[in-house]
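On a predicted model such as this, the values are computed, not experimentally measured, just so you know. Order of appearance sets the numbers: ligands from 1, and atoms from 1 within every ligand.
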Amino acid sequence: MIAKQEKEFEQERRLMVQKQLIPRGITDKRVLEAFTKVPRHKFVPGRCIEEAYGDYPVSIGEGQTISQPYMVALMTQCLEVKENDKVLEIGTGSGYQAAILAELADKVYTTERISGLSKNAQGVLQELGYTNIKLKVRDGSLGWEEFAPYDGIIVTCAAPSAPEPLKKQLKENGRLVIPIGGSFSQTLSVVKKRKGGFSEEDICGCVFVPLIGKYGCKQ
Ligand code: SAM
């Protein structure tokens with residue numbers, strides 16, 4: 001089979017934005033630009049490259065997935081990232097969400113518990129020239145204290161409730177976007193920190209792999 005040209009992938013990316021994201025309510029211009037720019041096909045294993053722009057999650061090995069493009073876009077839009085923001089991601093996986101965040105924020109910190117995934121993601125992100133992303137292998141349910149507080153925290157795996165260390169590491173007016181619920185279905189929630197207190201808004205139902213760790217699900 002002849003390898004697909006970058007131009008064809010670029011066209012698939014445009015179609016993904018036009019057919020999967022805009023009609024479902026992704027309206028933030030900066031978010032749409034980031035999805036048009038970041039080459040999602042570089043973040044999926046070679047055997048799945050033809051599925052990179054499909055309207056579904058794709059396996060990335062180790063029993064994990066890169067989420068459906070729409071879900072990545074919805075969570076990113078909910079995070080309301082600004083140019084000077086410092087954001088933390090829990091669940092690096094393939095590195096795709098981190099690359100999207102790096103297009104929108106000043107600095108991105110991302111944690112992953114599986115070292116093989118983190119290493120792969122680091123390789124792809126380096127190859128693409130991202131210099132504003134720091135990766136670390138650790139239990140992300142503890143956050144990443146060293147660089148806290150964050151303007152936004154995004155958790156790309158599901159927890160029974162919003163982990164206390166993550167709430168603590170948010171700046172005043174910061175946002176935590178997180179799937180909350182049991183093993184088989186969850187609610188995508190936005191937790192906002194205001195005057196030291198927290199409010200929680202439910203966005204929609206979703207299905208994510210579990211956040212495994214001290215303040216997540218037990219293994
Ligand atoms: N954001 C990823 C991407 O763009 O490809 C997709 C993430 S995948 C849906 C969820 C990831 O969360 C998995 O890679 C899993 O290993 C990771 N994970 C689960 N529990 C974790 C924890 N306590 N700390 C850090 N990562 C965790």
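- Each of the following atoms of ligand 1 lies closer than 4.0 Å to a heavy atom of L117: 14 (O).
- Within a 6.0 Å radius of CD in E172, more than 12 heavy atoms belonging to other residues, nucleotides or ligands are found.
- Atom 13 (C) of ligand 1 has Q64 OE1, 3.2 Å as its closest protein atom, hydrogens excluded (heavy atom only).
- The shortest heavy-atom distance from L142 to ligand 1 is not under 4.0 Å.
- Less than 4.0 angstrom separates some heavy atom of P210 from each of these atoms of ligand 1: 19 (C), 20 (N).
- Considering backbone and side-chain N/O atoms, G140 comes within less than 3.5 Å of an N/O atom of ligand 1.
- Close approach to Q97 involves these atoms of ligand 1, each under 4.0 Å from a residue heavy atom: 1 (N), 4 (O).
- Set against the non-hydrogen atoms of R138, the atoms of ligand 1 under 4.0 Å away are 24 (N), 25 (C).
- Within ligand 1, the atoms closer than 4.0 Å to a non-hydrogen atom of V209 are 10 (C), numbered from 1 in the order shown.
- The atoms of ligand 1 that sit less than 4.0 Å from any heavy atom of Y96 are 4 (O).
- Close N/O approach between S94 and ligand 1 is found [any backbone or side-chain N/O within under 3.5 Å].
- Distance CZ/F9 to CD/E50: 6.0 Å, rounded to 0.5 Å.
- For ligand 1, the atoms lying closer than 4.0 Å to a non-hydrogen atom of T65 are 6 (C), 7 (C), 8 (S), 9 (C).
- For a threshold of 3.5 Å applied to N or O pairs, the pair formed by I212 and ligand 1 contains at least one separation below that value.
- Counting protein heavy atoms only, atom 18 (N) of ligand 1 is closest to C157 SG, 3.8 Å.
- Taken to the nearest 0.5 Å, the CD1 atom of I90 stands 3.5 Å off from the OG1 atom of T111.
- Judged by a 6.0 Å distance limit and a 45° cone about the ring axis, K86 is positioned over the six-membered ring of Y150.
- Nearest protein heavy-atom neighbour of atom 16 (O) of ligand 1: E112 OE2, 2.6 Å.
- For the pair G91 and ligand 1, the shortest N or O to N or O distance falls below 3.5 Å.
- For K214, the closest heavy-atom approach to ligand 1 does not fall below 4.0 Å.
- Looking only at protein heavy atoms, the nearest one to atom 10 (C) of ligand 1 is T156 O, 3.2 Å.
- In the vicinity of I114, heavy-atom distances shorter than 4.0 Å reach the ligand 1 atoms 16 (O).
- Counted within 6.0 Å of NZ on K218, heavy atoms from surrounding residues, nucleotides or ligands total more than 12; the atom is thus considered enclosed.
- Residues Y53 and H41 meet the side-chain proximity criterion, which asks for heavy atoms closer than 4.5 Å.
- Annotation: atom 25 (C) of ligand 1 to nearest protein heavy atom, R113 N, 3.4 Å.
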